[in-house]
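No experiment lies behind these values; they were computed from the predicted model shown. Every chain is numbered from 1, with letters handed out A, B, ... down the list of sequences.
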Amino acid sequence: MRNAEYARLLAQTAALIEISGGNVYRVRAFQKAARTVEKLPISLEEAMNDGPLTRLPGIGKSIAADLVSIRDSGSFELYNELRQSLPDGILGLMQVQGLGPKKVKALYTHLEVGDLASLEKAVEDGTIAQLPGFGAKTQDNIRREIARLRRQAGRRPLPMAIMVAGPIVEALRAVEAVERAEVGGSVRRRRETVKDVDFVVASTDPEAVMEAFVNLDGVREVIARGSTKTSVILDGEFQADLRVVAPEAFGSALHHFTGSKEHHVELRKRAKSMGLKISEYGVFKVDAPEGTPPVASRTEQDVYAALGLAWIPPEMRENTGEIAAAEADALPSLLSAADIQGDLHMHTTASDGSHTIAQMAEAARDFGHKYIVITDHSQASVVANGLGPDRLRQHMIDIDAANEAIDGIEIKKGIEVDILKDGSLDLPGDLLDELDYVVGSVHASMKQDRQTMTERLLKAISSGHIHALGHPTGRLLGGRDPFEFDFQAIIQACLKHRVALEINASAGRMDLKDEHARLAAQAGVPLVINTDSHTTTGFAQIHFGVGIARRAWLEPHHVLNTLPWDEMMNWYKGA
DNA sequence: GCCGTTTTCGGCCCGACTGTTTTCAGTCG
């Protein structure tokens with residue numbers, strides 16, 4: 001069973017306990033355990049074999065036993081009891097914005113509303129407005145939210161959110177009353193999926209900012225409007241929250257609205273032990289009289305310094321050890337996009353790209369790259385017009401010619417060779433060895449079982465003919481699930497055979513995930529960050545890959561293509 | 001339910017907004 005399945009059961013248990021009115025801290029415990037399991041980079045079942053699960057944060061004796069029970073029977077006692085006492089569809093009600101556990105419970109006990117369909121019927125009948133604690137407005141809001149849920153639900157890929165957020169933050173900066181405006185939230189942390197977009201603004205005239213905000217292009221509907229906080233729905237169904245604070249509180253506000261929740265919970269515990277408390281308005285002494293100015297608030301650096309910590313980059317704020325690292329002054333010097341010297345994975349009109357070798361090379365050079373590798377598809381990718389040996393030979397000549405003709409960038413010969421069903425490569429080894437750089441990728445038969453897929457990848461990695469494993473898990477963001485394999489075994493093989501793992505930065509993939517990249521780097525396997533560009537505009541997507549790398553705590557030395565070409569090749573030679 | 005160089009018991013982050021209330025509960029992030 002996948003980790004996501006275990007996590008789902010724990011998270012559902014949390015929601016069911018909440019609805020049945022159980023202890024809120026018990027709820028939180030299940031939520032935290034669910035997060036831990038979800039973020040675990042290796043399979044939970046492997047972790048069980050390696051030792052007691054209680055070593056994982058937020059998992060104690062009781063939940064560890066529940067997880068074993070899930071493995072053995074697919075479920076556990078508490079979960080079964082809760083499911084029997086409540087209708088199946090009740091968890092769906094919690095998806096409706098504005099409905100929490102208390103309201104869901106009331107709907108169920110008084111109106112026998114147990115799923116979205118019956119909720120909708122109750123709304124149309126007008127019976128909801130009669131319930132104590134409910135009214136006409138609540139009923140209207142529920143009707144609107146059901147409709148919105150139907151149109152669009154859940155988290156969506158980061159690149160979509162960035163496209164929506166960028167123009168809005170620019171528009172805010174152009175507003176007269178705005179001194180500073182930044183995007184916060186999970187967009188700033190570069191989480192791979194995003195539910196809503198947060199904007200933080202410094203201004204001495206909040207009312208003017210709110211007025212400008214609700215009238216911006218792209219703002220479709222106002223959900224809530226106050227003097228410091230306004231929530232709207234943007235085109236594309238993203239919810240956006242705007243917070244406006246005084247300029248002297250901008251740092252603490254930006255920090256607050258960047259999150260993550262888990263990072264803040266840890267920081268606040270720490271603050272408490274120091275006699276301090278943290279809010280969006282600053283870090284305050286607990287025993288100071290009302291109205292005393294904060295100890296820190298102007299910048300994020302000030303906020304962290306007040307807690308005895310170095311400034312922590314947003315991408316690391318997930319409570320995965322960054323606070324201890326900041327305390328010990330042992331934070332990594334994270335990679336940035338400027339460190340990337342070349343792109344090792346891209347396509348041209350020879351296979352399924354839109355531009356020629358020369359066009360891609362010039363665009364890459366203008367983007368700032370020192371070298372690129374042209375890696376078109378191999379013959380097995382028929383729909384992508386993949387290259388067989390004869391066409392590849394001609395392609396090699398064309399690449400050399402382009403390299404001669406174009407100044408300011410080195411153009412290297414490569415291929416993205418298919419790793420076939422049985423783990424063999426789609427082109428002869430001696431031909432591959434004539435190339436400068438070979439990316440090996442899985443493009444078909446992705447539904448193989450874990451064991452078969454693992455053996456398939458191991459065979460390719462140990463072939464001696466590939467330099468990097470391309471888009472290692474095959475997932476498409478919001479589309480195709482990653483395929484399953486033994487990641488630890490792959491790491492060990494990459495280490496042994498000197499194969500790098502790719503962080504594929506293209507907006508639709510973002511593959512590897514940050515947890516995996518971090519694990520690989522810790523084991524000593526180098527990463528490469530590539531865009532897999534199919535057009536001249538693709539190179540800018542490197543930023544998405546760099547975001548993943550930063551979330552994985554990677555420094556420049558973890559990433560091969562931060563090196564000049566010759567130095568990079570030295571690693572492959574074992575030098 | 002989890003956790004612990006102040007603790008194995010007693011804590012567990014903090015504040016804004018809405019809607020339904022006549023001072024606050026519920027929800028959200």
In whole angstroms, how far is the [atom2] atom of [N] from the [atom1] atom of [X]?
X: A:R270; N: B:dT5; atom1: CZ; atom2: C1'; value: 14 Å
X: A:R55; N: B:dC2; atom1: CZ; atom2: P; value: 15 Å
X: A:Y79; N: B:dG1; atom1: OH; atom2: C1'; value: 19 Å
X: A:I17; N: B:dC2; atom1: CD1; atom2: P; value: 11 Å
X: A:Q31; N: B:dT27; atom1: CD; atom2: P; value: 14 Å
X: A:K103; N: B:dT27; atom1: NZ; atom2: P; value: 5 Å
X: A:F30; N: B:dC3; atom1: CZ; atom2: P; value: 13 Å
X: A:E18; N: B:dA25; atom1: CD; atom2: C1'; value: 15 Å

[atom1]-based separation of [M] from [N] [nearest Å]:
N: B:dT27; M: B:dT20; atom1: P; answer: 13 Å
N: B:dT5; M: B:dG1; atom1: P; answer: 23 Å
N: B:dG26; M: B:dT21; atom1: C1'; answer: 12 Å
N: B:dC28; M: B:dT23; atom1: P; answer: 25 Å
N: B:dA16; M: B:dG11; atom1: P; answer: 25 Å
N: B:dC14; M: B:dC9; atom1: C1'; answer: 25 Å
N: B:dT8; M: B:dG4; atom1: P; answer: 13 Å

For this session: Please name the pair of heavy atoms, one in A:S297 and one in A:D302, separated by the smallest distance, quoted to 0.1 Å.
Result: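 Nearest heavy atoms, A:S297 then A:D302: N-CB, 4.4 Å.
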Exercise. Taking the nucleotide of DNA chain B with the closest heavy atom to each, which residue, A:V27 or A:K269, is nearer the 5' end?
Worked result: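 Closest to the 5' end, via its nearest nucleotide, is A:V27.
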Exercise. Are the aromatic ring centres of A:Y281 and A:H256 under 6.0 angstrom apart?
Worked result: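 Ring centroids of A:Y281 and A:H256 are no less than 6.0 Å from each other.
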For this session: Summarise how protein sits on nucleotides 14-22 of chain B as a single string, 5' to 3': B when a protein heavy atom is under 4.0 Å from the base, S for sugar-phosphate-only contact, - for no contact.
Result: SSSSSSSS-
Ignoring hydrogens and geometry, is there a side-chain-to-backbone donor-acceptor pair from [X] to [Y] under 3.5 Å?
X: A:R243; Y: A:V201; value: no
X: A:R190; Y: A:V187; value: yes
X: A:T127; Y: A:A122; value: yes

Exercise. Hey, does A:V245 reach any base, or is it just sugar-phosphate, or nothing, if we go heavy atoms under 4.0 Å?
Worked result: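 No contact.
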For this session: Pick base, sugar-phosphate or nothing for A:L99, based on heavy-atom distances below 4.0 Å to the nucleic acid.
Result: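 Touches sugar-phosphate only.
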Problem set entry | Nucleotide opposite B:dA25 in a Watson-Crick or G-U pair, distances under 3.5 Å | B:dT18
Exercise. Taking only N and O in the side chain of A:Q239, is any of them less than 4.0 Å away from OP1 or OP2 of B:dC28?
Worked result: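 False: A:Q239 side-chain N/O out of range (4.0 Å or more) of B:dC28 OP1/OP2.
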Problem set entry | Residue of the set A:K261, A:R551, A:R191, A:R518 for which salt bridge (charged side-chain N to carboxylate O under 4.0 Å, His left out) holds with A:E318 | A:R551
Exercise. Ion pair present between A:R475 and A:E192, side-chain N to carboxylate O less than 4.0 angstrom?
Worked result: yes
For this session: Name all pairs fulfilling the salt bridge (charged side-chain N to carboxylate O under 4.0 Å, His left out) condition that reach into residues 61-87 of chain A, sequence neighbours left out, sorted by first residue then second.
Result: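 Pairs touching residues 61-87 of chain A that pass the test: A:R83-A:D88.
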